Amino acid sequence: MAANNEIGERIFRGIAVSPGVTQGKILVLDKGQEERPHRRILQEEEADSELRRFETALVETRRELRDIRETVNERLGARDAQIFDAHLLVLEDPMLIDQVTRMIREENVNAEFAFHEVTTQYTRALSEVKDDYLRERAADIQDVSERVLGHLAGRSHTIDLKHLEEPCIIIGHDLKPGHTAQLDRNKVLGFATDVGGKTSHTAIMAGSLRIPAVVGLRNACRELTTGAHALLDGLNGLIILNPTDQTLFEYGQLTRKQEDLQERLLEIKNSPAITLDGQRITLSSNVEQISDTAAVLDCGAEGVGLFRTEYLFLDRETAPTEEEQYLSYQKIATALAPQPVIFRTLDIGADKLAGAWSGTRETNPFLGWRAIRFCLQETAIFKAQLRAILRASTEANVKLLYPMISGVDELIEANKLLDECKNELRTEKLAFDEGIEVGIMIEIPSAVMIADSLAQRANFFSLGTNDLIQYTLAVDRLNERVAHMYDPAHPALIKLIQLTINAGKKHGIWTGVCGEMAGDPALVPLLLGLGVDELSVAPPMLPQIKHLIRHLKISEARELAESALCAEASVDVLVRARALVQRAAPGLFENQPTGL
Ligand code: PEP
Ligand code: MG
């Protein structure tokens, strides 16, 4: 369908998350969740077919809920599966169904509208009562209502992103990290979403797949139409609908400059990340999938600083077995040996939901059942992973990293399970590296405040600034409405980083940074000046970070850090930091077309 072709150029502004410029046909996946379904008056002869449509949606939702209940029962047990019994009861409630049916027949309205009206009346009434049990039923009805409306809207038949017919720019209200991981790079020119922030996992995934991407466009989905022509600028966070010849010309020039820069950066692939005055930094890369191994080798990284193992668990109904994990971990560890590979244990939850566990809805998922909290309860899953990582450590280049540690107890408990696994492997005569190092992600402010105690029980720290920023500043990393407050240069964050590094140094352990901050050229001198030993960044970002380090003096970086530690506002930090990078490596900031 050719749409929007009659209007001129129009610019939609969002948040740049994965560099690159691309242009092509748009494919809009969905228009986002409607607040309230549209009311449509039916023709007289339509009532019967509308009722059949409603009945079919109920049947499909029932089937969907039974499937989920069965999987949850298998994976998590009967107690967790009970919630879906409650949902099924809602679907079978004769009063509710009767009321919707009558509304469709008597008021001649469409099924979506009738169902939404009736369920809203129920939830409103239930949420006002004092009884906790009944208030929870309101949440059940809300959940079921969304599923039924989804089926009525045909949302279960979503576009198959793995098998697109022609290359296009995908536009969606939201994309889950698991779906992003499966995008076909040859068919997806770029993608953009209404929601999301710079460090949402969808954005991070786009970066490592080298697919240009923009998030946080707010309502582009509603305004863009499948078939229209657009340019996606992943450097500046723009979608330009119907770009003019002048715009295309300017972007052509920009793209050539970027390509030249990338080519020049290839020359330092095998050189170390060392400052002009001799400070050596370990520069490693973040990966999400085994297939990223080639990219790690190609970008000149010194191993893997963060392997997000949870991607092996996404988009499947059951957890991968120990053997399956072992084969995957061993593959990348062997390919990169003797360079280190740091496997972070499962950080499932928050915006990364896997199979059976996605049925467990939470009000505040980022503050909920995530990462080490999940693993310390689901010990069978955790132990299978620990055993697999241990077994993959025979080349002595594997390290382990626990995510979301908030206190010493969690670390002790995790290490107890690790010791159990080691003992089992010894009994089974399965080899592993007895000296395997264990590190801690520092990504919760409480961990920073007790870094002194944690440092005595760990071999290294890895600063997870993506989460540390959101938990310190109370800013949801996924929410585009508060994205302007998600501030890596906030004076509070700089102080927390310094406290962590100092605690590490005091106890003789190294500190790295594996959050997106490590790949932001403007912030790298600051991190170096604060004293980090390692930076781990997505492979596409690595050559330019190395180039920057090789053009910096550590003495200047330390001066910058000293002034930042006294700054009261992030703008003061950023102005100085940018000026330093601009002086040291001017080419890195040439990413804007002249006319915009
Ligand atoms: C972080 O929080 O900075 C991090 C690297 O982990 P993730 O982005 O997977 O939460
Ligand atoms: Mg994190």
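Atoms considered below: every heavy atom in the structure, side chains included; atoms not considered: hydrogens, waters and symmetry mates. Numbering of ligands and ligand atoms starts at 1, following listing order. Being a predicted model, the structure only gives us computed values, none of them experimental.
The two residues Met404 and Met441 come nearest to each other via the heavy atoms N-CB, 4.2 Å.
Residue Glu516 places no heavy atom under 4.0 Å from ligand 1. Residue contacts with ligand 1 leave out Thr199, since none of its heavy atoms falls under 4.0 Å from the ligand.
Listed by chain and number, the protein N, O or S atoms at a distance under 2.8 Å from the Mg ion (ligand 2) are Glu443 OE1, Asp467 OD2.
Under the 3.5 Å distance criterion, with hydrogens and angles disregarded, no donor-acceptor pair is assigned to the side chains of Thr321 and Gln325. Counted by atom type alone, Ser536 and Asn286 present one or more donor-acceptor pairs between their side chains at under 3.5 Å. No donor-acceptor contact under 3.5 angstrom links the side chains of Asp476 and Tyr486, judged on distance only.
Residue Leu306 approaches ligand 1 through these ligand atoms, each under 4.0 Å from one of its heavy atoms: 5 (C). Counting the atoms of ligand 1 from 1 in the order shown, those under 4.0 Å from a heavy atom of Lys352 are 9 (O). Those atoms of ligand 1 with a heavy atom of Cys514 less than 4.0 angstrom away are 5 (C). Here is the list of ligand 1 atoms found below 4.0 Å of a heavy atom in Gly464: 1 (C), 2 (O), 3 (O). Atoms of ligand 1 lying under 4.0 Å from any heavy atom of Arg477, numbered from 1 in the order shown and given with element: 2 (O), 7 (P), 8 (O), 10 (O). For ligand 1, the atoms sitting less than 4.0 Å from at least one non-hydrogen atom of Arg308 are 4 (C), 5 (C), 6 (O), 7 (P), 8 (O), 9 (O), numbered in the order shown with element in parentheses. The atoms of ligand 1 that sit less than 4.0 Å from any heavy atom of Asp467 are 1 (C), 2 (O), 3 (O), 10 (O).
Applying side-chain contact (heavy atoms from CB on, under 4.5 Å) to His507 and the options Leu454, Asp452, Asn502 leaves one that passes, Asp452.
Of the heavy atoms in Met404, none comes closer than 4.0 Å to ligand 1. With a heavy-atom cut-off of 4.0 Å, Gln470 does not touch ligand 1 at all. Contacts with ligand 1 closer than 4.0 Å are made by no heavy atom of Leu468, backbone or side chain. By the criterion of a heavy-atom distance under 4.0 Å, neither the backbone nor the side chain of Glu288 is placed next to ligand 1.
One option in Arg370, His201, Met441 has a heavy atom closer to atom 7 (P) of ligand 1 than any other, and that option is His201.
Using modelled atom types, no side-chain atom of Asp292 and backbone atom of Val287 make a donor-acceptor pair closer than 3.5 Å. Under a 3.5 Å cut-off, the side chain of Thr379 and the backbone N or O of Leu376 do not form any donor-acceptor pair.
Taking the side chain as every heavy atom from C-beta outward, Leu552 and Leu580 approach each other to under 4.5 Å.
The pair Asp467-Arg477 meets the salt-bridge criterion, since a charged nitrogen lies less than 4.0 angstrom from a carboxylate oxygen.
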